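This report refers to the structure that appears directly beneath it.
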Amino acid sequence: MGKKILIVDDEVHIKMLLEQTLEELEDECGVELFTASDGEEGLGFINEEKPDLVFLDIMMPKMNGYEVCRTVMKNDELKDIKIILLTAKGQEVDRKQGLELGARMYMTKPFDPDEILKVSREMLGL
């Protein structure tokens, strides 16, 4: 069964750029890419599809990234899902909060596509 990556971000351009970046993994390794436009939609997908890796924005409508991360990490069936917070919030306090909630990594925008690919390969063991 192929690996699944979910991108959760309300900014259309960021979502598209991440998708274009990660398409390389889709072509080379059979990774499936999915997207969600807000935290609520993202959490619904996580519950149903249990992706292997989630790129999660923090500032989103309906449910922010911290709330999604907290909810996922409290669920024994979901807590092995690797979450990378990818956000414009660059303060140390924000980073610390995200990692304390269980995110595997905290990255800030703008991001380097090569770094996104490298991190994705590492997280998925590709």
Side-chain angles (χ1 to χ4, degrees):
M1 194 160 83
K3 305 276 185 180
K4 297 177 191 171
I5 298 177
L6 173 65
I7 300 163
V8 187
D9 202 310
D10 60 327
E11 293 178 52
V12 174
H13 293 81
I14 297 290
K15 221 169 25 186
M16 282 176 52
L17 183 56
L18 275 168
E19 273 188 282
Q20 288 170 353
T21 300
L22 293 168
E23 279 175 359
E24 191 173 317
L25 296 180
E26 203 173 32
D27 296 339
E28 287 178 9
C29 310
V31 170
E32 292 181 89
L33 297 178
F34 301 93
T35 61
S37 299
D38 60 59
E40 201 173 274
E41 185 185 347
L43 185 59
F45 184 88
I46 290 169
N47 278 312
E48 279 185 29
E49 296 293 329
K50 299 175 181 51
D52 302 282
L53 177 61
V54 179
F55 284 94
L56 184 61
D57 187 21
I58 291 178
M59 295 179 289
M60 293 183 291
K62 296 185 183 173
M63 189 174 196
N64 71 42
Y66 290 137
E67 293 169 311
V68 173
C69 189
R70 181 181 304 117
T71 303
V72 168
M73 291 303 140
K74 281 184 178 177
N75 184 331
D76 284 343
E77 289 182 26
L78 305 176
K79 67 181 182 186
D80 291 333
I81 294 172
K82 297 170 178 79
I83 294 178
I84 297 176
L85 291 170
L86 184 59
T87 178
K89 292 172 72 82
Q91 300 282 326
E92 178 60 24
V93 64
D94 299 319
R95 190 186 76 78
K96 188 175 176 196
Q97 181 180 354
L99 295 176
E100 284 175 357
L101 288 173
R104 299 286 174 101
M105 188 174 277
Y106 192 96
M107 300 176 80
T108 53
K109 298 174 188 171
F111 58 85
D112 175 358
D114 290 336
E115 182 70 15
I116 293 290
L117 272 175
K118 179 177 170 252
V119 165
S120 297
R121 288 182 196 277
E122 288 171 7
M123 292 279 179
L124 296 175
L126 299 173

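All figures in this text were calculated on a predicted structure; none of them were measured in a lab. Counting begins at 1 with the first residue of the sequence.
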Name the atoms and distances for all side-chain donor-acceptor pairs under 3.5 Å in residues 11-22, with sequence neighbours left out.
from	atom 1	to	atom 2	distance (Å)
K15	NZ	S37	OG	2.8
T21	OG1	L17	O	2.8

When the side chains of residues 59-66 are checked against the rest of the protein, which donor-acceptor pairs come out under 3.5 Å, sequence neighbours left out?
from	atom 1	to	atom 2	distance (Å)
N64	OD1	Y66	N	2.9
N64	OD1	E67	N	2.9
Y66	OH	D94	O	3.0

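Considering only heavy atoms from C-beta on, M105 comes within 4.5 Å of V119 through its side chain. No side-chain heavy atom of D52 sits under 4.5 Å from any side-chain heavy atom of V31. Taking 4.5 Å as the limit, some side-chain heavy atom of E115 sits within range of a side-chain heavy atom of M107. Here the side chains of R121 and E28 are in contact, with some heavy-atom distance below 4.5 Å. For the pair I116 and F55, the minimum side-chain heavy-atom distance is below 4.5 Å.
Between I81 and M73, the shortest heavy-atom distance links the atoms O-CE, 3.4 Å. Closest of all the heavy-atom pairs between V54 and P51 is CG2-CG, 3.7 Å.
Considering only residues two or more places apart in sequence or on other chains, E122 meets the side chain to side chain donor-acceptor pair (under 3.5 Å) condition with none of them.
Under the 4.5 Å side-chain heavy-atom criterion for grouping Ile, Leu, Val, Met, Phe, Trp and Tyr, Y106 is not connected to I84 through any hydrophobic cluster. At a threshold of 4.5 Å between side-chain heavy atoms, the hydrophobic network of Ile, Leu, Val, Met, Phe, Trp and Tyr places L43 and V8 in one connected group. Residues M123 and L6 fall into different hydrophobic clusters, defined by Ile, Leu, Val, Met, Phe, Trp and Tyr side chains chained together at heavy-atom separations under 4.5 Å.
Cluster partners of V93 are absent, since no Ile, Leu, Val, Met, Phe, Trp or Tyr has side-chain heavy atoms less than 4.5 Å from it.
With rounding to the nearest 0.5 Å, the separation of CG in D57 from NZ in K89 is 10.0 Å. The CG atom of N75 sits 14.5 Å away from the CZ atom of R70 when rounded to the nearest 0.5 Å. L85 CG to Q97 CD: the interatomic distance, rounded to the nearest 0.5 Å, is 9.5 Å. To the nearest 0.5 Å, atom NZ of residue K3 and atom CG of residue L126 are 6.5 Å apart. Within the model, atoms CD1 of I58 and SG of C69 stand 8.5 Å from one another, a figure rounded to the nearest 0.5 Å.
The pair D9-K109 meets the salt-bridge criterion, since a charged nitrogen lies less than 4.0 angstrom from a carboxylate oxygen.
The salt bridge (Lys or Arg N to Asp or Glu O under 4.0 Å) analysis of residues 39-50, with sequence neighbours excluded, yields the pairs K4-E49. Sequence neighbours left out, the pairs with a member in residues 18-53 that pass ring pair (Phe, Tyr, Trp, His ring centres under 6.0 Å) are F34-F45.
The environment of Q91 atom CD is sparse: at most 12 non-hydrogen atoms of other residues, nucleotides or ligands sit within 6.0 angstrom.
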